Asker: 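The structure that follows is given in the form of structure tokens.
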Amino acid sequence: MRYLPLTEENRNDMLDAIGIEKVDELFSDVPSDIELNPKLNLPNYKTEMEVERYLSSLADRNLFADSTAFFLGTGAYKHHIPASVDHIIQRSEFLTSYTPYQPEISQGTLQYLFEFQTQVSLLTGMDISNASMYDGSTATAEAVSMAQRITGRDKIILSNGLHPQYASVIKTLLDKNNQSLGYSLNFSDNFEDLREKISDKTSCVVVQNPDFFGNCHDLTELSKYVHSFGSLLVVVVNEVVSLGIMKSPGKMGADIVACEGQSLGNPLNFGGPYIGLLSSKKEFVRQMPGRIVGETTDIKGKKGFVLTLSTREQHIRREKATSNICTNSGLCSLAFTVHLSLLGEKGFKSLSKLNHESAIKLSKNIEKISGIKILNKTFFNEFTISLPIEAKVFVEKMSHKGILAGVPVSRLEPQNDQFKNYLVIACTEINSGQDFERFSKAAEEIIS
Amino acid sequence: MRYLPLTEENRNDMLDAIGIEKVDELFSDVPSDIELNPKLNLPNYKTEMEVERYLSSLADRNLFADSTAFFLGTGAYKHHIPASVDHIIQRSEFLTSYTPYQPEISQGTLQYLFEFQTQVSLLTGMDISNASMYDGSTATAEAVSMAQRITGRDKIILSNGLHPQYASVIKTLLDKNNQSLGYSLNFSDNFEDLREKISDKTSCVVVQNPDFFGNCHDLTELSKYVHSFGSLLVVVVNEVVSLGIMKSPGKMGADIVACEGQSLGNPLNFGGPYIGLLSSKKEFVRQMPGRIVGETTDIKGKKGFVLTLSTREQHIRREKATSNICTNSGLCSLAFTVHLSLLGEKGFKSLSKLNHESAIKLSKNIEKISGIKILNKTFFNEFTISLPIEAKVFVEKMSHKGILAGVPVSRLEPQNDQFKNYLVIACTEINSGQDFERFSKAAEEIIS
Amino acid sequence: MKEKISHKGLDHEEMLLFEIGGLNKSGVDFPELHGYEQRIGSSYEDQEIGIPGLSEPEAVRHYVRLSRKNYSIDAGMYPLGSCTMKHNPRLNEKLARLKGFSDIHPLQPVSTCQGALELIHEISLWLKELTGMSAIAMSPKAGAQGELCGMMAIKQALKSKGQESRKKVLVPDSAHGTNPATAAFLGFEVITIKSTVAGRLDLKDFKSKIDKEFAAAMITNPNTCGLFEKDIIKISEIIHQNGGYLYCDGANFNALVGKIKPGDMGIDAMHINLHKTFSTPHGGGGPGSGPVVFSDKLASFCPAPKIEKIGNKFEIFEDESNENLLESFGRLNAFHGQMGMYVRALSYMLSHGADGLRQVSEDAVLSANYIKSSLEDVMSSAYEGYCMHEVLFNDDFLKDTDVETLDFAKALIDKGYHPMTIYFPLVVHGALLVEPTETESKFSIDQFILTMKDLVNKTQSDSDSFKNAPKYTPVGRLNETKAAREPILRWKKEKIIAAE
Amino acid sequence: MKEKISHKGLDHEEMLLFEIGGLNKSGVDFPELHGYEQRIGSSYEDQEIGIPGLSEPEAVRHYVRLSRKNYSIDAGMYPLGSCTMKHNPRLNEKLARLKGFSDIHPLQPVSTCQGALELIHEISLWLKELTGMSAIAMSPKAGAQGELCGMMAIKQALKSKGQESRKKVLVPDSAHGTNPATAAFLGFEVITIKSTVAGRLDLKDFKSKIDKEFAAAMITNPNTCGLFEKDIIKISEIIHQNGGYLYCDGANFNALVGKIKPGDMGIDAMHINLHKTFSTPHGGGGPGSGPVVFSDKLASFCPAPKIEKIGNKFEIFEDESNENLLESFGRLNAFHGQMGMYVRALSYMLSHGADGLRQVSEDAVLSANYIKSSLEDVMSSAYEGYCMHEVLFNDDFLKDTDVETLDFAKALIDKGYHPMTIYFPLVVHGALLVEPTETESKFSIDQFILTMKDLVNKTQSDSDSFKNAPKYTPVGRLNETKAAREPILRWKKEKIIAAE
Ligand SMILES: Cc1ncc(COP(=O)(O)O)c(C=O)c1O
Ligand SMILES: Cc1ncc(COP(=O)(O)O)c(C=O)c1O
């Protein structure tokens, strides 16, 4: 077997050295009620070529973004990833190392994580950040959990523009007393509803920006209001590229920020692996979940980096830890930081503007299609349209024309009829004028 | 521009330091008859995404082997390359280093080349090998040139089973006195013709094995005969995989062996880059062209490797060098050696046998097609068939059915009518029974 | 003019991105903008963020230099116990990058991603067959989230029976930190169970702690001492007799894969770390994937999403209001889990096949025992008898020296090895947990053994060299206390110390 | 039991493949064989070859460890004069691996590879426009083969005029070794031309050596001293007046690309190293690609194959009997040249565009002059005035020290730099030829300058450290004399020394 270095001869020598005859003797602690060497209803080994052909045949049955005119978003965005990103993350020393527990031989990982933490803090406008979470949704849940610990309060209020699956995750994991989280997905979220629900029992208010439908919000006023109850404002960012030309959550008064970082460096991957970013004000650092890298010096006074503040973590604090997270999104954070370093201020801002322009252009095209209405007043690179037919039917038909047209809101909220005809459409630097024309032409055919 | 690190500010600072105002002053040695900054009828910069899309669109217009049933050979073979090969050759330290002129910081390259030279010597059954040539055809020409220097004779005799383009290269470069090389492509080469032409003016006889048509030859007798004239036997191997189950050229008495090494580790690449292997008896080492790595020790007696015997080479010997070669096929030799190390004796033999079996299976299928005749008595993984229609027309029609059916001999020898209907078909471990059935079915349709 | 950085041969110092990058530098080109009027509204802002950029040549060099300061499996043996640092096949990396897997959106029409759904369905079948369990949740993003998933299902099952009062979760003292942390996160009360001198769960202590509030036990098998819990059948019987559930931490599945079916141990839920047993790369800390298999009893509580084959089509149930998810405990994360890891893991499984996977566990266990028997004389095995895929030493062999476990580990670094896991599990003093995995050659293991022996010898004669180790590394031993006392967690023009 | 290998931290010793591999080990699996009767005939043989194998984990480790003993552009500045060690964009690597380019056979029907032919056609257009020349041969596999190609065309042209008696090729003493070697290989008589004290071709010497047998001159411009041949127009006029041809070695095209068109210099043929100017990676020695552009005069003698656009189809003329190749001098290699390199180079050209390419030469020349002016005070410039893309020093600055150029280079290794080219060109004593290329940042160049200054300072105070350099490398200074005297050119169970 190509991955197993031991030869039969090696195995026999090793058995000899141990002083046994058969490897099964090593399994003698297994009680007899448990069958050793059970029959498995699975095939035997395959050659590399066979595996490659088989999995390629599965891959070939998926319609991939690059082969289409592509408009999907709602928490997962297709951006162009520079080729050097993938080269770097495939470096053996990054790909095949573990969590940097031995800092003296992990300075590569530790330094890029330190840089990553700084980049994330700058983007979100916050003081500090950790070394990544699984994804945006779990980062959001962890942010809420942090807020609960910090405030010593249980109650959570979710804005109605939060991604439905994010709301689900919070509900599943943190809705301790089965309270209502006051969540009901709603297009025009002017936060009135939300303001009404806040009380001095509220641990935090969770707002996504731009929201699930693509609307952009200035949260400056809201944050003041939330703070007046001693509650925290948790801001969720699904599309970090928006941070190039929007006020940062920090500037608007956020206490904790959770982002999905997939947009930078990470491909769509059918939903995972992605990367959660988590930032906060510095006074909350000891309630942060997950790994954090800090700067220090070695015995000779030379600068170096280590995992730090680990008394927050499960391997030290066990049941008293801030979270149970252990493995995080290491390599995805590398991809993120490499992509962002390549962009830099200048490139990141251009990218952000280009995304926005792309969406504006698409909106101008769509405005001309009679029967389709754009619902958003504001948007970054994503907006919601109302169709004259069911959005689900629409995207299915569009897909037959090689167009992946958007995410029907009903995909996520099938039980809610009001969204039946709503479609969320995203647009990034990958979309060209040709894509827009294809969209318009096909849409007109389908709805007419 | 993404690949240029200097900023405008940097440039100005550097101009200041030099003491000039404009970069054009640095070009003041360019005489005024030559236009500085000429207008170029070329587009300006493109983003990575634009370049990727454009070149992908060109790539998409080629029918690639993996998407077909594929049977082409004649000096370029499709084999399965383990994924780890490409990972290793993309290591920055291998990919972006130069020829190992500074051995202390090039031991990685030098050691693998030393291992490569050993592997090649073992495969060919020769004493020594160099660190690669451009490809099989130029390695063959260099072998002939070596033989001319060694024997002090000019005359060359090419066997009629030599690849026509190889014959062309030799003719172009080495046919000093416009002698006849006695070459005329011919299917049944029993060397009679060749034996007749040998004289004590002959520097070398060049024989390909398996020959261009796929026939396998035992050269033991021939080598003795050639040697009896004081001439050398140059053996050419187009398909190194054959060496797993054929007598090595060394065993059969070859003096110099030139191979195309593409079959191991290197993709088809539309013909290049490939890798020439060149081996010889050890007494000829000082007539070897190209780079050679040798073992030595450092000041502390530690083993290490260096480029050696460089007094053969152009950078030292200039017009008296054994060859003008400088850059060779470095990274291709890495791919070759990695692939061969992965295979090892066991894998290489299996690969060789599997190739042979694959060809036998195909031959059995083809034998059943009435109207098609297999010409070969012997073959390794390639043989020649005679069709009832023009081979060129046949392959064209087969290609419409997604089958790349072989190389028409007329592609290389269009002027020779006798080959009009001849098709050379290769078969490797990549071909499955399904391919064979597709071939038979389509062939039957086309010729009926 | 900046000061000179001092490199040494092939070892380059590398400054921070923030020290070498520039706000007007970039490694990405863009077309000209049109300059449309913005549509963002009042949250629009176009001010300096402060993120430096690098041209591509600079960026590649920055990260290549950093990479060279890392140890990796590819460069050397990495016997980090409990982490299963096996070789990561390159085929898997290649296949995970096929556009048909990497370039598809989680919410594109189901009709346009049938191959992806089939892949998830197929890996589910493999995992169920290998574990002998009847249901699976694929979505957990790592082992710890798998634990959450399993324990949530148990919580939900208890709730469905109106047994919310069952709040106690029994966890051995040798358990990995994620076990108690998970239970506590979900509001369970964590009760610690002692280990015996033989390194197994203390049955007496265990029984004594079961009462009416007993909800579940979280048992790791093989446990973190590298030993098989011989009493596992008895344990599961006791648990079930007392109305509780047995959660099994399957992080150590590499010792068992193909060799036994964990389902035969009477477990109710178990997570599997695809990034351990099934070779998806650790990537310096992640990403991982932690699918959870379930017994019949818990099957209906599985989280969304659920993928099923209906006729010859694959369906995905992702909305919790769906009739197939009525009893589901909810959702653990957005979308459908770690597709990129599934591709790699399935590629690994197919490559090995049933025969190869059995060989994996046999070789892993054989190698660990070979190390144990080779080093037993000079070091101190924590426990008697055969171990499973990892071998645990305590620090008795260092008793009469000045060398501590940490020093020993650091000295091993100087010899070219990544240290074993140290000070874990907590039940053994100065623990050294060695997991060679099945992808080390005998030659490599023999070299490791020789080195260990040499080092042990040196502890008597030259303890100073241990205290000063490592000395051949890019930095010397780092001051972790200082890092925690004065946390500098990001670069700033003027340094800040967080959280004073 | 084998003896212990001593690693040091991240630096691993690595034995030879032949010492660690095994004849029954393999990193590739195969299906079972059928056992057909062999069809090879009497040359069939199934005996041991002696090639050891490695499982994939072992192989990856072997090569990763070896790689870590190499210096590379990616890890540091590589100012190797005449080699143009610029950054190799990763996009190019990605695109060269598209199956539509990498997985196509050179002899598949022309109708099935139109995209490939179009690509070759397009890169031809770029190169012709950039050089201002009218014809091109794409097939040469590297610079040296490009030289062969150009000189063969000249030979053929002379033959076509019945001037076979023109046998003399004039080559400056500063020329790269491939120039005289090429001319000699083709049977020309090589006549060496002196350089002036200003580092240019000595016009007087040049004129004096032209006679009736004069065939061609091979001139490098910018020349290997890093200087522009100011008299190039005069030179070409003299050549043409005397019935000869001007071959230009274009290895240094990086100084000129986009800035001037070499065609304006009156040249007849010039090779271009795609692996220098157009960034295809050097790969530790190759592969390269050396297309040759031709003037009208030589166009018809181009070698096979030739790619042309006819209507909207692309055709390839590869057989020398083809009417389009009637005057062709023949064929230089099988198939159609270095497709893999064309993809990379075209990707590079498209990425830069006309504006970017001009910036390339400007930045390359600027950087070299910046180094020259920064180091002129402490080192000894070989020549006055501005240089082009590389700057040449002689060893005057080492005169009163014990340090030689070689020692200086080795000491630079210890400081983390790949040395410049040394002892070339031959016309300068103890030459040090520094080519920074345009892909070094100013920060990086400044660091290099500081290091050079430091080293120069040290030559006065501490010459011993130079003699002992390098000391921070995997091996110390190697005995090259021994290697050549007792050549060990391959592994054998018992070592052999070749060619006694
Ligand atoms: C025994 C054990 N359980 C659980 C975990 C947690 O797994 P993960 O890191 O994937 O969350 C680990 C990982 O180190 C482990 O070793
Ligand atoms: C000036 C000059 N000419 C010719 C060559 C030969 O080019 P190649 O190595 O591609 O054969 C070189 C390469 O080093 C060179 O520097």
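Letters go in sequence order (proteins before strands), and every chain restarts at 1. All values reported here derive from a predicted model rather than from experimental measurement.
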Asker: With a 4.5 angstrom heavy-atom cut-off, is it the side chain or the backbone of B/Arg291 that approaches chain D, or both, or neither?
Answerer: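 B/Arg291 touches chain D through side-chain heavy atoms alone.
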Asker: Give a yes or no on whether a salt bridge exists between D/Glu362 and B/Arg11, defined as a side-chain N under 4.0 angstrom from a carboxylate O.
Answerer: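 No, this pair does not count.
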Asker: If you measure only the distance, is there a donor-acceptor pair under 3.5 Å linking the side chains of D/Asn88 and B/Thr96?
Answerer: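 The answer is no; no qualifying pair exists.
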Asker: Under a 4.5 Å heavy-atom cut-off, does chain B meet the side chain of D/Gln145, its backbone, both or neither?
Answerer: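 Contact with chain B: backbone and side chain both.
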Asker: When you compare the side chain of D/Pro109 with that of B/Leu404, does any pair of heavy atoms fall below 4.5 Å?
Answerer: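 A side-chain contact exists here, since the closest heavy-atom pair is under 4.5 Å.
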Asker: Name the orientation class of the two ring planes belonging to D/His352 and B/Tyr3 (parallel below 30°, tilted from 30 to 60°, perpendicular beyond 60°).
Answerer: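 It falls in the tilted class, 30° to 60°.
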Asker: If I measure from the heavy atoms of chain D, does B/Ser399 come under 4.5 Å with its side chain, its backbone, both, or neither?
Answerer: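 For B/Ser399, the contact with chain D is made by the side chain alone.
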Asker: Side chain, backbone, both or neither: which part of B/Leu219 has an atom under 4.5 Å from a heavy atom of chain D?
Answerer: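 When you check distances to chain D, no heavy atom of B/Leu219 falls under 4.5 Å.
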Asker: Could you tell me which portion of B/Pro82 (side chain, backbone, both or neither) has an atom closer than 4.5 angstrom to a non-hydrogen atom of chain D?
Answerer: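 Contact with chain D involves the side chain of B/Pro82 alone.
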Asker: Which answer fits D/Lys25, side chain, backbone, both or neither, if we ask what part of it has an atom under 4.5 Å from a heavy atom of chain B?
Answerer: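 The backbone, not the side chain.
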Asker: Heavy atoms, side chains only, cut-off 4.5 Å: are D/Lys141 and B/Ile325 in contact?
Answerer: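 No, their side chains stay 4.5 Å or more apart.
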Asker: Can you tell which part of D/Leu95 gets under 4.5 Å to a heavy atom of chain B, answering side chain, backbone, both or neither?
Answerer: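 Contact with chain B is through the side chain of D/Leu95 alone.
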Asker: Between B/Asp127 and D/Arg490, is there a side-chain N and carboxylate O pair less than 4.0 Å apart?
Answerer: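 Salt bridge flag = no for D/Arg490 with B/Asp127.
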Asker: What part of B/Ile292 is in contact with chain D, defined as an atom under 4.5 angstrom from a non-hydrogen atom: side chain, backbone, both or neither?
Answerer: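 B/Ile292 touches chain D through side-chain heavy atoms alone.
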Asker: Select one option (side chain, backbone, both, neither) describing which atoms of D/Leu80 are under 4.5 Å from chain B's heavy atoms.
Answerer: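 Side chain of D/Leu80 only, per the 4.5 Å heavy-atom cut-off to chain B.
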Asker: Between D/Leu346, D/Asn333, D/Leu66, which has the largest tally of heavy atom pairs under 4.5 Å with chain B?
Answerer: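 Of D/Leu346, D/Asn333, D/Leu66, D/Leu66 has the most heavy-atom pairs under 4.5 Å with chain B.
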Asker: What part of D/Leu366 is in contact with chain B, defined as an atom under 4.5 angstrom from a non-hydrogen atom: side chain, backbone, both or neither?
Answerer: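 Contact with chain B is through both the backbone and side chain of D/Leu366.
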Asker: Would you check, one step at a time, whether the test side-chain contact (heavy atoms from CB on, under 4.5 Å) holds for B/Leu58 with D/Phe101?
Answerer: CA-CA 9 Å; B/Leu58 291 185; D/Phe101 297 134; 4.0 Å; yes
Asker: I'd like to check D/Arg39 versus B/Thr378 (side-chain heavy atoms, cut-off strictly below 4.5 Å). Are they in contact?
Answerer: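 In short, these two side chains do not touch, never coming nearer than 4.5 Å.
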Asker: Donor-acceptor pair, distance only, cut-off 3.5 Å: does the side chain of B/Thr172 make one with the backbone of D/Arg331?
Answerer: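 Yes; at least one donor-acceptor contact below 3.5 Å.
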Asker: If I measure from the heavy atoms of chain D, does B/His217 come under 4.5 Å with its side chain, its backbone, both, or neither?
Answerer: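 For B/His217, the contact with chain D is made by the backbone alone.
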Asker: Under the side-chain contact (heavy atoms from CB on, under 4.5 Å) rule, what do B/Ser97 and D/Tyr78 come out as? Steps first, then yes or no, please.
Answerer: CA-CA 9 Å; B/Ser97 55; D/Tyr78 213 126; 3.9 Å; yes
Asker: In terms of heavy-atom proximity below 4.5 Å to chain D, should B/Val293 be classed as side chain, backbone, both, or neither?
Answerer: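 Interface part for B/Val293: backbone (N, CA, C, O).
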Asker: Examine distances only and state if a side-chain atom of D/His105 and a backbone atom of B/Ala76 form a donor-acceptor pair shorter than 3.5 Å.
Answerer: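 Such a contact is found between D/His105 side chain and B/Ala76 backbone.
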Asker: Do B/Ser168 and D/Glu320 have side chains that get closer than 4.5 Å, going by heavy atoms?
Answerer: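 The answer is yes, as the side chains (C-beta and beyond) meet within the 4.5 Å cut-off.
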Asker: Please classify the contact between B/Lys320 and chain D as side chain, backbone, both or neither, with a heavy-atom cut-off of under 4.5 Å.
Answerer: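 Interface part for B/Lys320: neither.
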Asker: Flag the one option from B/Ile316, B/Asp135, B/Val395, B/Thr138 with the top tally of heavy-atom pairs under 4.5 Å to chain D.
Answerer: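 Sorted descending by pairs with chain D, the first entry is B/Asp135.
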Asker: Could you walk me through whether D/Lys442 and B/Leu6 pass side-chain contact (heavy atoms from CB on, under 4.5 Å), step by step?
Answerer: CA-CA 6 Å; D/Lys442 178 159 182 297; B/Leu6 296 185; 4.1 Å; yes
Asker: When only pairs under 4.5 Å are counted, which of D/Gly385, D/Gly187, D/Pro474 shares the most heavy-atom pairs with chain B?
Answerer: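 Among D/Gly385, D/Gly187, D/Pro474, the one with the most close pairs to chain B is D/Pro474.
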Asker: Can you say whether D/Ile232 sits under 4.5 Å from chain B via the side chain, the backbone, both, or neither, judging by heavy atoms?
Answerer: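 Side chain only.
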Asker: Less than 4.5 Å apart, side chain to side chain, heavy atoms only: is that true for D/Ile49 and B/Lys349?
Answerer: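 Yes, their side chains come closer than 4.5 Å.
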Asker: Heavy-atom pairs under 4.5 Å with chain B are the metric here; pick the option from D/Gly41, D/Ala183, D/Pro52, D/Ala304 that has the most.
Answerer: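 Between D/Gly41, D/Ala183, D/Pro52, D/Ala304, the count favours D/Pro52.
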Asker: As an exercise: rank B/Tyr54, B/Tyr112, B/Tyr166, B/Phe380 by heavy-atom pairs under 4.5 Å with chain D and give me the winner.
Answerer: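 Option with the greatest count: B/Tyr54.
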Asker: Please rank B/Asp66, B/Thr109, B/Asp33, B/Ile245 by heavy-atom pairs under 4.5 Å with chain D and give me the top one.
Answerer: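 Answer, by heavy-atom pair count under 4.5 Å with chain D: B/Ile245.
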Asker: Tell me which of these, D/Glu56, D/His87, D/Glu480, has more heavy-atom pairs under 4.5 Å with chain B than the rest.
Answerer: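 Looking at each of D/Glu56, D/His87, D/Glu480 in turn, D/Glu56 comes out on top.
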Asker: Hey, which of B/Ile88, B/Asn10, B/Leu55, B/Val23 has the most heavy atom pairs under 4.5 Å with chain D?
Answerer: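 Of the options given, most contacts go to B/Leu55.
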Asker: Which atoms of D/Ser444 are under 4.5 Å from chain B, going by heavy atoms: the side chain, the backbone, both sets, or neither?
Answerer: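 Looking at D/Ser444, nothing touches chain B.
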Asker: Could you give me the CA-CA distance, side-chain angles and deciding distance for B/Lys353 and D/Gln38, then say whether side chain to side chain donor-acceptor pair (under 3.5 Å) is met?
Answerer: CA-CA 9 Å; B/Lys353 288 173 187 169; D/Gln38 63 95 353; over 6 Å; no
Asker: Are B/Phe27 and D/Lys259 packed together at the side-chain level, in the sense that at least one heavy-atom pair is separated by less than 4.5 angstrom?
Answerer: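 Yes, close enough: below the 4.5 Å cut-off.
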Asker: Can you tell me which portion of D/Ala75 sits under 4.5 Å from chain B's heavy atoms? Options are side chain, backbone, both or neither.
Answerer: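 D/Ala75 has no heavy atom closer than 4.5 Å to chain B.
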Asker: Hydrogens and angles aside, do D/Tyr63 and B/Ser84 bring a side-chain donor and acceptor to less than 3.5 Å of each other?
Answerer: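 The criterion, which ignores hydrogens and geometry beyond distance, is not satisfied for B/Ser84 and D/Tyr63.
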Asker: With respect to chain D, which residue among B/Val306, B/Ile299, B/Leu95 yields the maximal number of heavy-atom pairs within a distance under 4.5 Å?
Answerer: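 Highest number of pairs under 4.5 Å: B/Leu95.
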Asker: Assess the side chains of D/Ser111 and B/Glu396: does a donor N or O sit below 3.5 Å from an acceptor N or O?
Answerer: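 Present: a donor and an acceptor within the cut-off.
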Asker: Where on B/Thr308 is there a heavy atom nearer than 4.5 Å to chain D: the side chain, the backbone, both, or neither?
Answerer: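 The side chain, not the backbone.
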Asker: Where does B/Ser363 contact chain D at under 4.5 Å (heavy atoms): side chain, backbone, both or neither?
Answerer: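 Just the side chain, heavy atoms under 4.5 Å.
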Asker: Counting heavy-atom pairs under 4.5 Å to chain B, which of D/Ala116, D/Gly337, D/Ser441, D/Ala184 comes out on top?
Answerer: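 Most heavy-atom pairs within the cutoff with chain B belong to D/Ala116.
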Asker: Relative to chain B, which segment of D/Glu129 carries a heavy atom at a distance below 4.5 Å: side chain, backbone, both, or neither?
Answerer: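 D/Glu129 touches chain B through backbone and side-chain heavy atoms alike.
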Asker: Would you say the side-chain atoms of D/Ser67 and B/Arg91 include a donor-acceptor pair closer than 3.5 Å?
Answerer: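 A donor-acceptor contact under 3.5 Å links the two side chains.
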Asker: Side chain, backbone, both or neither: which part of B/His87 has a non-hydrogen atom closer than 4.5 Å to chain D?
Answerer: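 Neither part, no heavy atoms under 4.5 Å.
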Asker: Name the member of B/Pro273, B/Gly347, B/Gly294 that forms the most heavy-atom pairs with chain D at distances under 4.5 Å.
Answerer: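 Greatest number of close heavy-atom pairs with chain D: B/Pro273.
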Asker: Which is it for B/Leu63 and D/Ile104 under the side-chain contact (heavy atoms from CB on, under 4.5 Å) test, yes or no, and what are the steps along the way?
Answerer: CA-CA 7 Å; B/Leu63 187 65; D/Ile104 56 177; over 6 Å; no
Asker: Would you call B/Ile34 and D/Met265 a side-chain contact if the rule is heavy atoms closer than 4.5 Å?
Answerer: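 A side-chain contact under 4.5 Å exists here.
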Asker: Is there a side-chain contact between D/Arg477 and B/Glu104 in this structure, where contact means two heavy atoms from C-beta onward sitting under 4.5 Å apart?
Answerer: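 Yes; the side chains approach each other to less than 4.5 Å.
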